[in-house]
Amino acid sequence: MLSVVIPAYNEEENVPILYEKLKKVLDGLGQDYEIIFVDDGSTDGTYQRLKQLAEKDSRLKVIRFKRNYGQTAAMSAGFEHAKGDVIITLDADLQNDPEDIPILLEKLKEGYHVVSGWRKDRKDPFLSRRLPSMIANWLISKITGVHLHDYGCTLKAYRAEVVKDLELFGDMHRFLPALTKRRGAKITEVVVRHHPRMFGKSKYGIGRTVRVLLDIMLVKFLNEYINKPLYMFGGVGFLLLVLGLFSLFYLIFLKLFFEEPIGRRPLLILSVLLILAGIQLISTGLLAELLIRIYYRTKDAKPYVIQEKINFE
C-alpha cells in the first residue's frame with residue numbers, strides 16, 4: 001500500500017486541484033493507496049474543501065489540528081496514521097508535481113530507503129529563497145555526511161520502516177534524510193519538476209536562516225551522540241558568539257598589522273565574555289532539547305493536538 005502525506009496550511013485554492021492531480025497519478029499506478037491531508041490549523045476554507053472531497057472518496061483522509069503547529073508536527077501526524085509500506089510526502093502549494101511520484105517509486109525499487117526530490121530548476125526568488133537554500137544544503141551535507149542538493153524539497157519517498165517511529169520536534173522535517181541515516185537508510189535523490197506558486201503565499205522567508213543553522217547543529221548532535229528551547233537559548237547564544245568572535249578578530253588584526261597592545265583593552269575581556277556566554281547558551285539549548293524529548297516520552301504526549309479526523313477507522 002502507498003500512503004501520500006500532505007501538510008496543508010491556508011491552501012484553500014490549491015487542495016482541490018492537487019487532489020485531482022494526485023488521484024489521476026495514483027489511479028494509474030494500479031496499486032492500493034491512501035491520501036492523508038494534515039490541515040495544520042488553517043484559518044481559511046482549507047478544511048471545508050478537504051471535508052467535501054473526503055465525503056466523496058474514502059481513500060482521502062483528513063487530520064485537522066486545533067491550531068497551527070508547523071510542518072514538522074503535520075508530517076509526524078501523517079507518518080503515525082499512514083498504513084502504507086511506502087510513504088510519499090509533498091507540499092500542498094502545487095509547486096511539487098504529483099507526476100514525479102512514479103519516478104521516486106521506481107528509484108525505491110533499486111534498494112533505496114529514501115528518495116529525495118531535487119528541484120534543479122527551482123521557480124523561487126534567488127536572493128530570498130534559492131541562495132539561502134543553496135548555502136543551507138551545502139552546510140547540512142557537510143555536517144551530516146548525507147550529501148543532497150535540495151534538503152528543502154518536500155517531495156520525497158520513504159520506506160515506512162525508516163520514518164514510522166521517528167521522533168520529530170521543532171522544524172526537523174527538512175532533516176529527515178539525515179535522521180534516517182541513523183537507522184542505516186540508503187539515501188539518494190532524483191531531479192523533479194518545480195512550478196511557480198499560483199495561489200496563496202509562501203509560509204517561508206529568509207528569516208528562518210538562523211533557525212536552520214541551529215537545527216544543523218542539533219542534527220549533528222543527535223546523529224552522533226544520542227540515539228526546541230534550542231531556538232530561544234541558541235538564538236541569543238549564536239548572536240553573542242558571533243559578536244565575540246568579530247571583536248576578537250578585530251583585536252588580532254590590530255595586533256598583527258599595527259602592533260598595538262591589546263592586553264589591557266576592555267574589548268578583549270568583553271570578547272571573551274561574549275564567546276563564553278554564547279557557548280553556554282547554545283549548550284543550554286541542547287540540554288533543553290534532551291529534556292523536552294524525555295518529557296514527551298514519559299508523558300506519552302505528542303507535540304500537536306488533533307481536533308478532528310475523517311475516514312479513519
(request) Can you tell me which residue pairs pass the side-chain hydrogen bond (donor to acceptor under 3.5 Å, both in side chains) test with a partner in residues 240-254, sequence neighbours excluded? (result) none
(request) Establish, yes or no, whether the cationic atom of Arg49 lies under 6.0 Å from the six-membered ring centre of Tyr47 and within 45° of the ring axis. (result) no
(message) Aromatic contact between His113 and Tyr158, with the criterion being ring centroids under 6.0 Å apart: yes or no?
(response) no
(request) Determine whether the side chains of Thr72 and His173 contain a donor N or O and an acceptor N or O closer than 3.5 Å. (result) yes
(request) Treat each ILVMFWY residue as a node, draw an edge where side-chain heavy atoms are under 4.5 Å apart, and state whether Leu270 and Leu276 are in one component. (result) no
(message) For the residue pair Tyr9 / Asp39, report whether a side-chain donor-acceptor contact shorter than 3.5 Å exists.
(response) no
(message) Which label fits His149 and Trp118: parallel for a plane angle under 30°, tilted from 30 to 60°, or perpendicular past 60°?
(response) parallel
(message) Between Glu110 and Lys107 (salt bridge meaning N to carboxylate O under 4.0 Å), is one present in this structure?
(response) yes
(request) Ignoring hydrogens and angles, state whether a donor on the side chain of His81 or Lys309 is under 3.5 Å from an acceptor on the partner side chain. (result) yes
(request) Going by the side chain to side chain donor-acceptor pair (under 3.5 Å) test, name the single residue among Asp91, Thr89, Asn96 that passes it with Thr154. (result) Asp91
(message) Just to verify, what does Phe257 make a side chain to side chain contact (heavy atoms under 4.5 Å, CB included) with, not counting sequence neighbours?
(response) Phe253
(request) Could you pull out the closest heavy-atom pair between Lys83 and Glu34, with the gap in Å? (result) N-OE2, 2.7 Å
(message) Using a 6.0 Å cut-off, check whether atom CZ of Phe246 has over 12 heavy atoms from anything other than its own residue.
(response) no
(request) Kindly check if the number of other-residue, nucleotide or ligand heavy atoms within 6.0 Å of CE (Met134) is above 12? (result) no
(request) With Arg174 as the cation and Tyr151 as the aromatic partner, state whether NZ or CZ is under 6.0 Å from the six-membered ring centre and within 45° of the axis. (result) no
(message) We want to know whether Asn14 and Asp93 form a side-chain donor-acceptor pair, criterion being a heavy-atom distance below 3.5 angstrom.
(response) no
